[in-house]
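Everything on this sheet refers to the single structure shown next.
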Amino acid sequence: MNEVMTRMEDTVHDFLADNGWHNVTLSELEEKGASLRRYQRVHAPDGRTAIITYVADVRMEITRFMEVASLLRQMGLSAPEVYAYNKEAKLLLQEDFGDASFARLIANGHSEKDLHLMAADVLINIQKNFSRDDEAEWASKLLRYDFKEWKSGFANLSHFFQHYLPCVGAPALSLAEQEEFLGLWQKLLAPFEALPNTLLMRDLKPANMLMLPERAGHKKVGLIDFQDAGLGAPFYDLVEITQSWRRDIPADVSAAVFKTYSAARPEFSPEMIKSGAMAFGAVRWVIWIATCARYARTEGRVQFLANIPGIWRATDKCLADPALAELKRWFDQYAPVELRAPQKVAA
């Protein structure tokens, strides 16, 4: 492993030098997630900084990020400029937006409502500027996030009974019970997936938005970590600016976001918007619960079990919406409260 890391580091430094970044030092970013990508800040002797991204997983690519970044900049938003890239080595050198993430600003006492409303305005701008012509153009470039993807994609709802239930020692589901589970999701999501597709950022959360005070308007918000962007129903990206498993978002903050979004999208009723956000929130959180269990069971990353109780709290808030009543009954039967705070992987 050390030999592999050394070779990778040599490749990175050669790539940087070939693109005019000589004698640099690298430092880890302070905020880390579960991404298989590695991000480091590049420090040049002349004071310049940049962010380098690299991955060892051959299944991952960097082209989508560059293309979506270009689209966002065309919309008048701040997405990182790509300085250099190497598709074969999966290396990408991009503009550095600093460390003033909305998550950090909130933790340091900045107005949570103001920041979430800025995020809502950016989301509205994205959706207002993504036309039906854009959808046709991007249909061949971006994954469509719909029930088919949630059912059998790389990270999917089936992992809940494939990984989470075994992780907590729950009885295995029969084929009929598995089909019932997936059928409930399909029924829930169908009305929202019938709506016109829009661009989904997929991870539009406070940690992925950075304050750029020297810029004006929507450009004050720097957007990062959208390599998994795709196409789908418009309410998905409301999830992480109205919900969180990491902290309690005050009710008045979520209400203000919904009010702002509803005013900008009068073609949708406020009730549909709210239920849509709850439905896609449930999708996001249940898949994340299952992913944490999968990490623990198959990769030995048991530290992710500590996330699960918080994610369940976010899930329960979604399941409390009347539109999710049937799904709530399923979870109460097959994943009751006593199975929602695993301390270890079941034998």
With side chain to side chain contact (heavy atoms under 4.5 Å, CB included) as the criterion, how do Glu240 and Asp203 come out once you've worked through the C-alpha distance, each side chain's angles and the decisive distance to 0.1 Å? CA-CA 7 Å; Glu240 292 254 25; Asp203 212 7; 3.8 Å; yes

Looking at [X] and [Y], what are the two nearest heavy atoms and their distance?
| X | Y | result |
| --- | --- | --- |
| Ala346 | Pro166 | CB-O, 3.6 Å |
| Ala233 | Leu200 | O-CD2, 3.2 Å |
| Met201 | Leu223 | CE-CD1, 4.0 Å |
| Val253 | Glu112 | CG1-O, 4.3 Å |
| Leu199 | Ala229 | CD1-CB, 4.5 Å |
| Cys292 | Ile308 | CB-CG1, 3.8 Å |

Would you check if the side chain of [X] reaches a backbone N or O of [Y] as a donor-acceptor pair within less than 3.5 Å?
| X | Y | value |
| --- | --- | --- |
| Arg144 | Ala139 | no |
| Ser254 | Thr242 | yes |
| Ser158 | Lys151 | yes |
| Asn156 | Gly153 | yes |
| Ser152 | Lys148 | yes |
| Gln127 | Pro234 | yes |

Is the shortest heavy-atom distance from the side chain of [X] to the side chain of [Y] under 4.5 Å?
| X | Y | result |
| --- | --- | --- |
| Phe161 | Glu177 | no |
| Ser70 | Met66 | no |
| Asp146 | Leu189 | no |
| Val24 | His43 | no |
| Leu71 | Trp138 | yes |
| Leu26 | Leu16 | yes |
| Ile62 | Thr53 | no |
| Lys317 | Asp248 | yes |

Working to the nearest 0.5 Å, report the span between [atom1] of [X] and [atom2] of [Y].
| X | Y | atom1 | atom2 | answer |
| --- | --- | --- | --- | --- |
| His116 | Asp252 | NE2 | CG | 10.5 Å |
| Lys90 | Thr11 | NZ | OG1 | 13.5 Å |
| Phe304 | Glu299 | CZ | CD | 8.5 Å |
| Met211 | Ser78 | CE | OG | 11.5 Å |
| Arg38 | Ile52 | CZ | CD1 | 10.0 Å |
| Thr315 | Arg313 | OG1 | CZ | 10.5 Å |

Check the pair Arg64, Leu142 against side chain to side chain contact (heavy atoms under 4.5 Å, CB included), reporting the backbone distance first and the verdict last. CA-CA 8 Å; Arg64 186 185 305 116; Leu142 297 178; 3.6 Å; yes

Report whether [X] and [Y] are members of the same hydrophobic cluster (ILVMFWY, side-chain heavy atoms less than 4.5 Å apart, transitive linking).
| X | Y | answer |
| --- | --- | --- |
| Leu210 | Ile241 | no |
| Leu238 | Trp245 | yes |
| Met118 | Ile249 | no |
| Ile126 | Leu212 | no |
| Val168 | Leu305 | yes |

Is the number of heavy atoms from other residues, nucleotides or ligands within 6.0 Å of CD (Gln343) greater than 12?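 Not buried by this count: 12 neighbours or fewer within 6.0 Å.
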
Any ion pair linking [Y] and [X] (charged N to carboxylate O, less than 4.0 Å)?
| X | Y | value |
| --- | --- | --- |
| Asp134 | Lys128 | no |
| Asp46 | Arg48 | yes |
| Arg73 | Glu95 | no |

Could you check whether Thr298 and His163, counting side-chain N and O atoms only, form a donor-acceptor pair closer than 3.5 Å?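 Looking only at side-chain atoms, Thr298 and His163 do not form any donor-acceptor pair under 3.5 Å.
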
When you compare the side chains of Asp225 and Gln227, does any donor N or O come within less than 3.5 Å of an acceptor on the partner?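 On atom types as modelled, these side chains qualify, holding a pair under 3.5 Å.
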
Could you tell me if Arg284 sits above the aromatic ring of Tyr145, with its cationic atom closer than 6.0 Å to the ring centre and no more than 45 degrees from the axis?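 That pair does not qualify as a cation-pi contact.
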
Once salt bridge (Lys or Arg N to Asp or Glu O under 4.0 Å) is applied, do any residues pair with Arg202, and if so which ones, sequence neighbours excluded?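 Arg202 satisfies salt bridge (Lys or Arg N to Asp or Glu O under 4.0 Å) with no other residue.
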
Please identify each residue that fulfils salt bridge (Lys or Arg N to Asp or Glu O under 4.0 Å) with Lys220, with sequence neighbours left out.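 Salt bridge (Lys or Arg N to Asp or Glu O under 4.0 Å) list for Lys220, sorted by chain: empty.
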
Pairs satisfying ring pair (Phe, Tyr, Trp, His ring centres under 6.0 Å), at least one member in residues 64-104, at least two apart: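 Ring pair (Phe, Tyr, Trp, His ring centres under 6.0 Å) check on residues 64-104 returns Phe65-Phe226.
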
Ring pair (Phe, Tyr, Trp, His ring centres under 6.0 Å) partner of Phe268, chosen from Phe235, Phe192, Tyr261, Phe258: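 So the option named by the test is Phe235.
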
In sequence, state the C-alpha distance, the side-chain angles, and the governing distance for Leu182 and Gln186, and then conclude on side chain to side chain contact (heavy atoms under 4.5 Å, CB included). CA-CA 6 Å; Leu182 294 172; Gln186 186 174 23; over 6 Å; no

Out of Leu93, Val42, Asn86, Leu91, which one pairs with Val12 under the side chain to side chain contact (heavy atoms under 4.5 Å, CB included) rule?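 Of the listed options, the one satisfying the test is Leu91.
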
Only one of Val122, Val221, Ile224 clears side chain to side chain contact (heavy atoms under 4.5 Å, CB included) with Met209; which?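 Result for side chain to side chain contact (heavy atoms under 4.5 Å, CB included) with Met209: Val221.
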
Let me see the working for Met278 and Gln243 under side chain to side chain contact (heavy atoms under 4.5 Å, CB included), right down to the final yes or no. CA-CA 9 Å; Met278 293 300 112; Gln243 307 172 32; 3.4 Å; yes

Tyr164 vs Phe160 aromatic rings, parallel, tilted or perpendicular, using cut-offs 30° and 60°?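 Ring orientation of Tyr164 relative to Phe160: parallel.
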
I'd like to know whether Asp321 forms a salt bridge (charged side-chain N to carboxylate O under 4.0 Å, His left out) with Lys274, so could you lay out the CA-CA distance, the side-chain angles of the two residues, the decisive distance to 0.1 Å, and finally the verdict. CA-CA 9 Å; Asp321 188 274; Lys274 179 74 177 295; 5.3 Å; no

Are the aromatic rings of Tyr54 and Phe15 close, with centres under 6.0 Å apart?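 No, the ring centres sit 6.0 Å or more apart.
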
Less than 6.0 angstrom separating the ring centers of Trp150 and Tyr236, yes or no?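 Between Trp150 and Tyr236, the centre distance is under 6.0 Å.
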
